[in-house]
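The structure under discussion appears below in the form of structure tokens.
Everything numeric here is computed off the predicted structure, so don't read it as measured data.
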Amino acid sequence: MKKRMLLSLLLLLPLLVSGQVLDSILRQYLDIHNVDPERTRKIIEEGIEGFGAKGDRESKAILLVKLIALETSQRNTDAAYRRFLTAREYARNNGITLQVACAYSEIAETYYYAQDWRRSLGYFHSADSAFVAVKDEIGQVLSKINMASIYQEQGKYDLAIRNFLASVPHIDTTQYRYIKTSAYKEVGKLYLNLKDGRKAEYYLAKSIQSGRRDKGHPDLLLDAYLLLSGSFLERGDNEKASTYLDRAEKMAERPETRHMLFDVLTRKVELLMKQERYPEAKKNINDALRLAHEYKKNTGETFGLRSNLAKIYRLENKSDAAIALSQQLVAETVKSSEMARLAEGYFGMAAAYAQKGDYRQAYENHLRYAAYKDSTVGSEKQRIIREAEVKYETAEKERQLAENKVKLLESEAEADRKGRTILLLGVLVLFTAVTGASVYRQQRLRVRQKEQEFQLKEAIAQIETQQQLQEQRLSISRDLHDNIGAQLTFIISSVDAVKMSFNLQNPALDRKLDTISDFTQSTIIELRDTIWAMNKGEVSFEELRSRIYNFIGKAKTANEDLAFRFTIVDSLKDVTLTSVEAINIYRTLQEAVNNAMKHSGANRISITIGADGTTAKVTLRDNGRGFDASQMEHGNGLRNMKKRMGEIGGTYTCNSNENGTEIRLSVPLSKMENTSTT
């Protein structure tokens, strides 16, 4: 009903301009995307369909990019990447260059929350270049602020300050309050990490002043309150810290900001630890960790909570528990090279070993703590700040002088450009050869993957017990992940390295590199689908639906006009499939969707899963031109689908005519793990 109402507004009321409808959808997104993500997804998809029908390509592109942000808010990294491919290609193909830049910015945010700093920085660099191309100063400011945030997470404060200083002069000129709020908040956060409370409080106060006037982004204001509370806490002013923390906690009681209650509890734990109220702190830690699980927080976001929990263990004389937790924190943080957290982790280990009486280990860990601490705090911090600010000011003066000498340097610059061009051509020739070899190698890896999948099925048939089956699955999945997955990741890293090392001015080459990277990333995701099924003893229909949605997201990159619907009856929600049943149904539906798109010209596909007594019924319909099933009976695709269903005791039937194709699959419920469904 809601869909019909929205489409009626878009198609039947010409006086209601697209901009008003788009604004309404975006407002609904802000209001409910953290409260009801599924409803938000439906609203956006219906808007995309409606704008597509009207031919409003720009509004459609904006909503396609918004789907990336929605998946990111739910920490669905693979789904966000698929949304990114769809949005970027649609915007490129329709000449909507600003949304190409926005798509890069959103996927960079995705990898930021996944703590994949390398990919996040790479995409933010791409976003910055794209914003420069369309002369969007606000986009450039946001890109530089985000890159600076990553650099400060890594402890590279000179690069962080340089990017912030490049963005700050433009902040006051923007009319968008949320950009001011966010920008000043991030600058304040940087100085807070550098232990410069005065500067931190100055910028955070400016952020709060802007945020109070902006009713559409309460999460930014709440975060500024938390950071200001942290600054006063660092300076020992617990009363002011508590005041701003109380303001943040009241804001977190609202439905639209409830997702930030985790951050409020994290700051509250820090205050309670300062006040030595350890039992209350431990209770709040446990509450916050439960919220972390609910909102899929990453290990970096829960680091402070677990570090304080390790300290409480030491106070409770549980030195072994404190050592184990501190070792876990260090092992996680080594991967992301966040020096401040590494210092804190090693300090915790040193204190725990000293409490246990193992002074050799205590001394060694204290040395590691001192090494990392020296790189992030103390006099070194002041040196970094001074050098970065001087470098920035010097660069500005040199730029002004250079403008007065352009004519004198033109001939030298031309010669230099020719030399660089020759060098770049040589590098590109070498890279083309390396890339060709990598692509050939990747194709061979795909063949090996197929062979290993076949070997997996042979091995499973010979295993007699469930325990042996699981061991075999884990062994093969590790082999797939460690060998093929690692080599595919190497290809992506090589492509990204070339893009970041050379200032490529050839759009065709840049797009070719993107194609190689995207194709390899998609292959990795397909590999994860196989490993996902292999590692699970049982798979629910909800999990199967999620995987199929991921595949459909990829299919939409090839056919942007494809409309897809998936429904499942409530009675099957608690029913589970074995991993073999799940992968066979998944691959069968994958084959059917591919056939519909490649051969029938369909633009509408629906999948319905229902129950008929003791049998699950799966029906796929499309509106394509159909085919003669009797003439295609011996084709590999249909034969493979029948074979897959036969292997799990199910059936496959196909009816096709000029009005479309209908494929029906059936699987006996008695074959499933959960047989309680009636």
Side-chain angles (χ1 to χ4, degrees), residues 3 41-42 45-46 48-49 52-53 60 64 67 78-79 82-83 85-87 89-90 93 450 518-519 522-523 525-526 529-530 533 541 544-569 581-610 616-648 650-667:
K3 176 183 176 182
R41 183 178 287 107
K42 289 181 181 178
E45 288 177 343
E46 289 164 4
I48 290 171
E49 186 175 348
K60 180 177 177 179
L64 286 172
L67 282 177
D78 287 348
R82 294 189 189 281
R83 300 290 193 185
L85 293 178
T86 301
E89 291 311 303
Y90 181 83
N93 294 338
K450 294 295 184 182
D518 295 343
F519 175 77
S522 298
T523 303
I525 294 173
E526 288 184 7
D529 286 338
T530 301
F541 273 105
L544 180 62
R545 174 163 65 175
S546 176
R547 287 285 162 174
I548 292 172
Y549 263 123
N550 281 346
F551 167 71
I552 292 297
K554 178 183 176 183
K556 281 192 174 185
T557 64
N559 183 359
E560 62 192 32
D561 295 324
L562 176 66
F564 178 75
R565 291 291 180 269
F566 193 121
T567 57
I568 180 171
V569 296
E581 289 168 339
I583 198 66
N584 276 19
I585 294 174
Y586 174 70
R587 294 300 186 198
T588 301
L589 291 173
Q590 207 175 29
E591 181 78 25
V593 172
N594 278 331
N595 287 342
M597 292 182 59
K598 291 180 181 178
H599 307 302
S600 74
N603 60 13
R604 290 185 180 277
I605 299 175
S606 67
I607 296 177
T608 304
I609 300 181
K617 299 289 187 180
V618 182
T619 304
L620 182 145
R621 295 186 181 91
D622 68 59
N623 67 340
R625 54 181 169 268
F627 60 90
D628 186 346
S630 63
Q631 296 297 319
M632 307 219 18
E633 187 68 26
H634 301 292
N636 287 333
L638 298 182
R639 187 165 56 246
N640 285 341
M641 287 191 278
K642 282 189 175 182
K643 182 179 178 182
R644 286 187 183 278
M645 296 309 299
E647 287 174 352
I648 59 175
T651 62
Y652 162 91
T653 58
C654 176
N655 295 310
S656 184
N657 55 45
E658 65 276 8
N659 296 321
T661 300
E662 179 180 88
I663 291 174
R664 291 181 177 273
L665 313 178
S666 68
V667 182

Closest approach of Ala602 to Gly624 (non-hydrogen atoms, all atoms of both residues): CB-N, 3.7 Å
Dump the intermediate steps for side chain to side chain contact (heavy atoms under 4.5 Å, CB included) on Arg621 and Arg664, then the final yes or no. CA-CA 9 Å; Arg621 295 186 181 91; Arg664 291 181 177 273; 3.7 Å; yes
In this structure, CG of Leu665 is separated from OG1 of Thr651 (nearest 0.5 Å) by 7.5 Å
CZ (Arg625) and CG (Asn659) are apart, to the nearest 0.5 Å, by 13.5 Å
Taking Glu45 as the fixed residue, which of Lys60, Arg83, Arg565 is the one that meets the salt bridge (charged side-chain N to carboxylate O under 4.0 Å, His left out) rule? Arg83
Side chain to side chain contact (heavy atoms under 4.5 Å, CB included) between Val667 and Ile648: does it pass, once the steps are laid out? CA-CA 7 Å; Val667 182; Ile648 59 175; 4.2 Å; yes
Closest heavy-atom contact between Lys617 and Ser666? NZ-CB, 3.8 Å
Nearest-0.5 Å distance, CZ of residue Phe566 to CD1 of residue Ile605: 12.5 Å
Of all heavy-atom pairs linking Gly626 and Thr661, the shortest is CA-OG1, 3.8 Å
Would you check, one step at a time, whether the test side chain to side chain contact (heavy atoms under 4.5 Å, CB included) holds for Asp622 with Asn595? CA-CA 10 Å; Asp622 68 59; Asn595 287 342; over 6 Å; no
Closest approach of Arg604 and Asn623, non-hydrogen atoms and distance? N-OD1, 3.1 Å
Glu647 side, atom CD; Thr588 side, atom OG1 - distance, nearest 0.5 Å: 9.0 Å
Derivation and outcome, side-chain hydrogen bond (donor to acceptor under 3.5 Å, both in side chains), residues Asn640 and Glu591: CA-CA 9 Å; Asn640 285 341; Glu591 181 78 25; 5.5 Å; no
Counting N and O atoms only, with roles assigned by atom type, does the side chain of Asn655 sit under 3.5 Å from a partner on the main chain of Glu662, one being a donor and the other an acceptor? no
Are Arg644 and Met641 close enough, and set up right, to give a side chain to side chain contact (heavy atoms under 4.5 Å, CB included), and what steps lead you there? CA-CA 5 Å; Arg644 286 187 183 278; Met641 287 191 278; 5.8 Å; no
Passing candidate, side-chain contact (heavy atoms from CB on, under 4.5 Å) with Arg587, options Ile583, Leu589, Asn584: Ile583
